[in-house]
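Each remark here refers to the structure printed beneath this line.
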Amino acid sequence: RLLACECERSDETTLSQVFLLLGGEGLHQRLTAPDNRLCRLANSALDDAEVVRQLYWTALSRPPNDAEREAANRLFEESGSRLEALQDLAWALLNSKEFVFRH
């Protein structure tokens, strides 16, 4: 608003914008909010495979491929809680090149 000419503005992404997307407080708050979609999925009766499938459809508008399903299965097996596994997976999906280029 302070610039008189639009030609003085830059549409280039800055490093601070990248860091905010990758690990900013806003993203963390959204992923850990007590009544978000991740909490509802974690507390649902759906099995892990269906929860992962729904998360991929929500974030990337496609189902996970075989390698992604296997990685998600390992994450769920190694994680201390289903919710934490979902939060980690959601963070990874939101920071994937595919998500960034589509959205």
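What you see is a predicted model, and the numbers here were worked out from it, not measured in a lab. Residue numbers run from 1 in the order of the sequence given.
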Considering only residues two or more places apart or on different chains, which pairs with a residue in residues 31-46 satisfy side-chain hydrogen bond (donor to acceptor under 3.5 Å, both in side chains)? Arg37-Thr58
Here the salt bridge (Lys or Arg N to Asp or Glu O under 4.0 Å) pairs for residues 46-57, sequence neighbours left out, are Asp48-Arg82, Glu50-Arg53
Only pairs under 3.5 Å count here: list side-chain donor-acceptor contacts from residues 73-80, not counting sequence neighbours, and write none if there are none.
{"unit_1": "Asn73", "atom_1": "ND2", "unit_2": "Arg69", "atom_2": "O", "d": "3.3"}
{"unit_1": "Ser79", "atom_1": "OG", "unit_2": "Ser81", "atom_2": "N", "d": "3.3"}
{"unit_1": "Ser79", "atom_1": "OG", "unit_2": "Ser81", "atom_2": "O", "d": "2.8"}

Membership question, hydrophobic clusters at under 4.5 Å side-chain separation (ILVMFWY): are Tyr56 and Leu46 in the same one? yes
Heavy-atom closest pair, residues Leu93 and Phe99: O-CB, 3.1 Å
For a quick test of reading the model, state the closest non-hydrogen atom pair linking Leu55 to Ala90 and the distance between them. CD2-N, 4.0 Å
Neighbour count >12 (heavy atoms, 6.0 Å) for atom CZ, Arg30: no
Atom of Gln54, atom of Leu41 and distance for their closest heavy-atom approach: OE1-CD2, 3.4 Å
How about Leu38 and Leu89: do any of their side-chain heavy atoms sit closer than 4.5 Å? no
Calculate, to the nearest 0.5 Å, the distance between atoms CG and CG belonging to Leu31 and Leu94 respectively. 6.0 Å
Which heavy atom of Pro34 sits nearest to which heavy atom of Cys39, and what is that distance? O-SG, 3.4 Å
